[in-house]
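Quick notes on the structure that follows.
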Amino acid sequence: MLRIRYSVLSTQYSALSTQHSLRYTSRSVMQYDPRDIESKWQQRWAEERVAEVDVTAPGDKFYMLNMFPYPSGDLHVGHGRNYILGDALYRFFRMQGRVALNPMGWDAFGLPAENAAIKRGIHPREWTVGNIGRMKAQFKRWGILYDWSKELASCNPDYYRWNQWLFLMLYKRGLAYRGKAPVNWCPSDHTVLANEQVVDGRCERCGSEVVQKELEQWFFKITDYADRLDESLDGLEEWPEKVKLMQRNWIGRSVGADVDFEVPALGKPLRIFTTRPDTIYGATFMVMAPEHPAVATLIADNPQRSEIEAWIEGVKNQSALERQEAGKEGRFTGRTAINPFTNEHIPIWLGNFVLMQYGTGAIMAVPGHDQRDFEFARQYGLSIRVVVTPQGERAPAPADMAEAFVVKDESAVSVESGSISGLATPKAIEKILDEIEQRGIGRKMVRYRLRDWLISRQRYWGTPIPIIYCDHCGIVPVPDSQLPVTLPLDVPFTGREGNPLAKDPRFVNTTCPRCGAAARRETDTMDTFVDSSWYYCRFITPHDDRKIFDSYLVNRWLPVDQYIGGIEHAILHLLYARFITKTLFDMGLVEFEEPFTRLFNQGVITKEGYRDPNDNFSWVPLGEVELRGGKPVRKGSGAELMAEVGKMSKSRFNVVPPDELIERYGADTERVYTLFIAPPDQEAAWSDEGVIGAWRFLGRVWNLGQELLEMRNAHQAGAATVSPDRMIRKMHQTIDAVTARMHRFQFNTVISALMELSNSIGDYVSAGGHDTVRMTEAYSTLLKLLHPFAPHITEEMWSLLGNRELILVSSWPVADLALMQEDAVTIAVQVNGKLRGQVEVPAPPVEEAVFAAVGSNDKVQQWISGKQVVKKIYVPGKLVNLVVK
RNA sequence: GCGAAAGUGGCGGAAUUGGCAGACGCGCUGGACUUAGGAUCCAGUGGCCCAAAGCCGUGCGGGUUCGAGUCCCGCCUUUCGCACCA
């Protein structure tokens with residue numbers, strides 16, 4: 001409700017008030033001001049190159065990796081979550097004694113850079129480099145440690161030449177091929193558009209109607225790896241189930257059969273794929289995709305041929321979405337096929353709902369049991385037959401059916417199906433498959449939804465595909481010695497007429513490496529997912545100009561121990577990376593088949609934005625929002641606004657930039673708040689007031705340290721009046737809890753545990769405790785445990801305590817189990833399951849002592865007096881439940 | 001339509017194997033220090049009730065159990081993914 005207050009008024013209060021520090025200056029204690037502290041430690045970490053790893057040095061390696069980002073420009077606090085989380089883990093594993101590698105690079109090719117060039121006349125390279133500089137500075141301001149000596153950017157020739165090398169390796173192994181594929185084509189811009197660039201069937205940029213066009217494109221044959229990609233998901237035990245499921249669905253493995261149907265008019269059979277061969281007695285017609293190669297022959301003599309052809313053309317020009325929205329449509333070819341089991345002549349139709357890309361592009365239609373076939377049959381008056389029913393049930397009459405009779409029950413049985421009649425579905429499938437194979441008309445078949453990976457992009461800002469077209473020799477790969485094929489930098493960006501590369505004769509014209517004749521270069525560039533499918537290997541030896549990577553070292557450092565990134569990459573990036581890793585394995589370059597041992601997807605950070613119902617529900621900039629009576633209204637018009645929580649984006653005006661926040665509270669506060677806000681895999685709503693909690697916590701940690709230093713200087717003598725045992729016990733309990741939770745990514749509860757420890761030390765001090773040795777022990781432990789989250793303040797206090805080494809290189813504390821034990825245990829006492837009292841017994845709790853205490857507890861006795869205790873339940877160390885009648 | 005996940009105070013969230021629901025923090029209320037407070041510190045804060053005692057309380061309805069936020073069955077809601085894949 002008051003959420004916009006901070007943004008609206010922040011300039012007025014952005015400076016830390018000088019009065020604020022009065023309380024402490026009067027006691028000559030330093031006030032916590034993160035500004036100087038943070039830049040000081042960032043500088044020291046950089047100077048000492050603390051994050052640089054010698055990959056040949058021995059040690060227990062830990063490869064930690066955040067998905068390398070696209071350098072789009074400024075980062076907001078939502079992006080920060082991802083990197084802060086990674087940095088916290090990195091520091092933790094390091095303090096635990098691992099040799100931790102945490103590299104960073106840039107997924108630097110891609111469309112936005114090119115669009116910026118067209119719009120603003122800046123070269124994509126210049127735009128990209130500028131953004132990289134800003135993002136790098138932002139990472140440093142957040143206190144994030146990366147091994148910058150291993151930085152790489154995919155747009156540099158020394159990186160993308162290995163993309164080209166990899167392409168050629170795949171080409172040699174038959175895994176890169178050229179084929180025709182339908183693409184979204186904008187006729188006025190003369191360019192191919194990605195699906196996201198097509199809005200309501202029109203070009204996002206110029207508004208022209210997009211058409212489907214068949215173009216020659218390069219593909220990677222990922223389908224060859226479909227079964228391996230599916231099967232080895234099982235071994236990825238430390239991946240989120242959700243991601244594995246998404247990948248599984250995407251691969252879409254299904255087991256069925258290919259069956260040939262004789263077509264007299266064709267002179268050869270029509271092959272179909274079905275997952276339910278047991279329903280073949282119910283196949284009353286066939287449907288082919290309009291693009292099916294046999295269509296021309298089938299309709300050659302059809303009197304309606306020209307009408308059918310026009311219809312086919314129309315369907316081909318539709319986008320996938322339009323095609324689906326059109327509903328089911330078809331045309332009769334005029335020909336029939338013979339159902340190999342019923343021996344009936346069944347009509348062959350063309351249907352817009354049958355896809356050429358899946359299976360064989362033709363189906364046997366079983367309208368009795370498939371909803372799609374049913375709808376088609378009803379629409380065109382085709383016959384329907386029921387051949388499977390649940391055990392003991394009668395089949396419905398086709399005329400009465402409102403929908404297909406889909407029976408998934410395994411105990412369902414086949415009916416009116418010849419030799420398989422009476423068999424339960426699994427048996428029926430088995431038997432019919434045997435018959436199909438014996439008769440030689442088909443066989444068991446596994447098929448995948450996964451399609452080959454189309455890597456061609458008709459774009460400038462990407463890796464040139466290293467291929468040359470020669471009139472004499474055909475397709476000729478660029479020889480290794482001529483790599484890299486570099487992008488010419490001085491090309492004009494008009495935004496029209498497609499790829500600037502194709503317009504540049506210096507780039508296009510070359511000579512054939514085989515025969516020396518004049519030849520043309522391929523002008524398509526690679527999908528940027530190629531760049532990101534192997535970069536994690538390159539980080540080990542990023543500057544090697546003789547090979548893609550060093551197999552020995554890569555085998556030592558990979559697979560990546562912890563990979564962190566957004567769920568948006570659950571399918572494509574991770575699938576492509578897994579695929580490329582398997583090809584590298586097959587080439588003998590690596591010894592592992594899966595690149596990422598443990599995967600973590602952080603949740604997005606959301607924030608409310610405001611819409612104006614009187615202005616078409618458009619988003620309102622924060623500067624135009626004010627609060628009246630607790631309700632957001634638009635300045636000027638006074639219109640009441642609707643708050644809507646969503647992902648941070650410029651168009652919603654709900655982005656929180658970190659600069660202002662860091663200036664006011666420091667990066668440590670942002671880091672602590674970001675990890676405290678919610679479990680890291682969960683969506684979290686950013687709240688400007690919530691930040692205060694983290695700020696106060698760090699302020700208390702600071703002040704505790706100052707008090708400790710003061711106490712040490714004062715050399716307070718005299719007998720201790722308060723025992724530090726409680727504090728020390730809390731310290732050991734905290735070490736134990738925090739360590740376990742760090743491994744489980746429960747950062748929000750780690751921070752709450754640290755707040756409790758800090759409060760416990762505070763309690764000791766305010767009770768008059770002044771044992772500086774024990775306090776130093778507890779406080780230093782707090783600093784170490786807090787270091788992954790608040791690295792700057794902890795380094796500062798650590799050094800003020802007199803430590804010369806960085807806290808980063810100190811070792812993670814270890815809990816003493818004996819010192820964790822409480823002297824007394826509180827046991828809850830229930831009567832008939834309701835809490836009626838508590839008793840305290842000395843630790844460790846002994847059952848007899850507990851019941852003795854219960855017996856002398858007045859409150860509990862009141863509840864059981866006059867009643868008979870029929871059962872006593874004791875949960876050791878926790879609870880007693882008395883069951884009474 | 002299919003698949004998955006999640007529903008706990010005013011808010012973010014906590015609660016190893018079923019065992020004291022609401023840790024920690026925000027906000028709010030009261031107080032302290034103050035010319036001032038949107039700084040800092042202290043106390044309180046699930047609901048009903050003046051208070052205590054007590055009762056109620058983890059989306060809804062059942063069930064298992066001495067005992068259910070947690071397990072089982074049936075609903076509802078929200079979010080995400082896939083979506084003519086034969």
Side-chain angles (χ1 to χ4, degrees), chain A residues 1-3 5-6 9 12-13 16-24 31 240-243 245-246 248-250 252 254 256 272-276 279 287 320 323-324 327-328 351-355 357-366 370-373 375-376 447-451 567 570-571 672-673 676-679 682-697 699-700 703 740 744 746 748-756 758-759 762 766 826-838 870-884:
Chain A
M1 285 155 275
L2 297 172
R3 291 201 173 134
R5 187 185 263 174
Y6 162 64
L9 300 173
Q12 257 172 282
Y13 295 93
L16 284 160
S17 81
T18 42
Q19 288 95 335
H20 171 186
S21 53
L22 276 177
R23 183 183 160 200
Y24 296 101
Q31 165 63 25
E241 284 305 320
K242 181 184 175 156
V243 173
L245 188 67
M246 282 165 77
R248 233 173 228 128
N249 291 340
W250 189 259
S254 50
I272 59 96
F273 173 66
T274 177
T275 53
R276 291 295 300 272
T279 62
V287 190
R323 186 162 166 173
Q324 201 177 131
K328 288 190 179 49
N352 63 348
F353 69 101
V354 176
L355 308 175
Q357 303 97 305
Y358 185 76
T360 61
I363 61 162
M364 66 173 200
V366 184
D370 183 288
Q371 186 59 25
R372 296 157 301 183
D373 299 349
E375 286 167 24
F376 195 82
R447 289 193 181 268
Y448 302 89
R449 205 190 76 111
L450 184 69
R451 311 270 157 82
I567 188 75
I571 299 176
V672 168
Y673 175 65
F676 182 61
I677 184 170
Q682 204 171 297
E683 190 176 292
W686 185 268
S687 134
D688 291 327
E689 307 91 83
V691 174
I692 285 284
W695 164 249
R696 285 184 192 145
F697 168 53
R700 281 195 296 272
N703 291 340
R744 293 197 297 256
Q746 293 166 341
N748 55 330
T749 60
V750 166
I751 291 168
S752 73
L754 295 178
M755 287 171 170
E756 288 183 47
S758 155
N759 291 343
S766 46
T826 304
I827 308 272
V829 185
Q830 296 182 336
V831 176
N832 284 348
K834 296 209 178 212
L835 183 69
R836 296 303 184 195
Q838 292 179 329
V870 292
K871 199 169 176 185
K872 290 179 176 181
I873 288 141
Y874 175 56
V875 181
K878 290 214 164 153
L879 166 145
V880 163
N881 188 14
L882 303 174
V883 185
V884 301

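In what follows, chains carry the letters A, B, and so on, assigned in the order in which the sequence lines appear, proteins first and then strands, with residues in each chain numbered from 1. Every heavy atom of this structure was used, including side-chain atoms; hydrogens, water molecules and symmetry mates were not. Remember, it's a predicted structure, so these values are computed and weren't measured experimentally.
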Whole-Å [atom1] distance, [N] and [M]:
N	M	atom1	answer
C84(B)	C75(B)	C1'	30 Å
G12(B)	A23(B)	P	15 Å
G22(B)	C73(B)	C1'	28 Å

Does the side chain of [X] get closer than 4.0 angstrom to OP1 or OP2 of [N] through an N or O atom?
X	N	value
Arg449(A)	A86(B)	no
Arg696(A)	G27(B)	yes
Asn748(A)	G12(B)	no
Lys242(A)	A6(B)	no
Arg836(A)	C55(B)	yes

Have a look at [X] and say if it touches a base, only the backbone sugar-phosphate, or nothing, with a 4.0 Å heavy-atom cut-off.
X	value
Ser254(A)	sugar-phosphate
Asn249(A)	nothing
Ile677(A)	sugar-phosphate
Arg447(A)	nothing
Gln357(A)	nothing
Asn759(A)	sugar-phosphate
Glu756(A)	sugar-phosphate
Glu683(A)	sugar-phosphate
Arg248(A)	nothing
Val870(A)	nothing

For [X] and [N], give me the distance from atom [atom1] to atom [atom2], rounded to whole Å.
X	N	atom1	atom2	value
Ile571(A)	G3(B)	CD1	P	17 Å
Gln838(A)	C20(B)	CD	P	11 Å
Leu879(A)	U17(B)	CG	C1'	15 Å

Test side chain to side chain contact (heavy atoms under 4.5 Å, CB included) applied to Val366(A) and Thr274(A), step by step: CA-CA 10 Å; Val366(A) 184; Thr274(A) 177; over 6 Å; no

Stem regions touching RNA chain B, defined by at least 3 consecutive Watson-Crick or wobble G-U pairs below 3.5 angstrom: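 As far as RNA chain B goes, consecutive pairing (with distances under 3.5 Å) yields the stems B:1-7 with B:76-82, B:10-12 with B:24-26, B:27-32 with B:40-45, B:46-48 with B:54-56, B:59-63 with B:71-75.
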
[X] side chain: which of [options] is closest?
X	options	answer
Asn881(A)	G19(B), G12(B), C80(B)	G19(B)
Leu355(A)	G81(B), A86(B), G25(B)	A86(B)
Gln830(A)	C66(B), C84(B), G19(B)	G19(B)
Leu245(A)	G19(B), G3(B), A14(B)	G3(B)
Lys328(A)	C20(B), C56(B), C84(B)	C84(B)
Arg744(A)	G25(B), A21(B), U16(B)	U16(B)
Val875(A)	G19(B), C82(B), G12(B)	G19(B)
Met755(A)	A86(B), C24(B), C20(B)	C24(B)
Gln324(A)	C24(B), G25(B), C84(B)	C84(B)
Tyr358(A)	C82(B), A86(B), C20(B)	A86(B)

Between [X] and [Y] (side chain of the first, backbone of the second, donor and acceptor by atom type, cut-off under 3.5 Å), is there such a pair?
X	Y	value
Arg449(A)	Trp250(A)	yes
Arg323(A)	Asn352(A)	yes
Asp370(A)	Ala365(A)	no
Tyr673(A)	Ser687(A)	yes

To the nearest 0.5 Å, what is the distance between [atom1] ([X]) and [atom2] ([Y])?
X	Y	atom1	atom2	value
Leu879(A)	Thr826(A)	CG	OG1	12.5 Å
Phe676(A)	Met755(A)	CZ	CE	4.0 Å
Arg836(A)	Leu882(A)	CZ	CG	11.5 Å

Find which nucleotide of RNA chain B each of Ala694(A) and Phe353(A) is nearest to by heavy atoms, and output the residue with the more 5' nucleotide.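 This one resolves to Ala694(A).
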
Please give me the minimum heavy-atom distance between Val883(A) and Asn832(A), naming the atom from each residue.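 Closest heavy-atom pair between Val883(A) and Asn832(A): CA-OD1, 3.3 Å.
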
Check whether any side-chain heavy atom of Gln830(A) lies under 4.5 Å from a side-chain heavy atom of Ile873(A), and answer yes or no.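 SC-SC contact between Gln830(A) and Ile873(A) ruled out.
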
Is the shortest side-chain heavy-atom distance between Asn759(A) and Arg700(A) below 4.5 Å?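 When only atoms from C-beta onward are counted, Arg700(A) and Asn759(A) do touch, with a gap below 4.5 Å.
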
Report yes or no: is there a donor-acceptor pair, N or O only, under 3.5 Å between the side chain of Lys872(A) and the base of C66(B)?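 No such pair is found, so the answer is no.
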
Can you tell me whether the side chain of Glu689(A) and the base of C26(B) have a donor-acceptor pair closer than 3.5 Å?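 Result: no qualifying N/O pair found.
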
Would you tabulate the pairs of protein nitrogen or oxygen atoms and nucleotide nitrogen or oxygen atoms of nucleotides 43-45 of chain B closer than 3.5 angstrom?
none

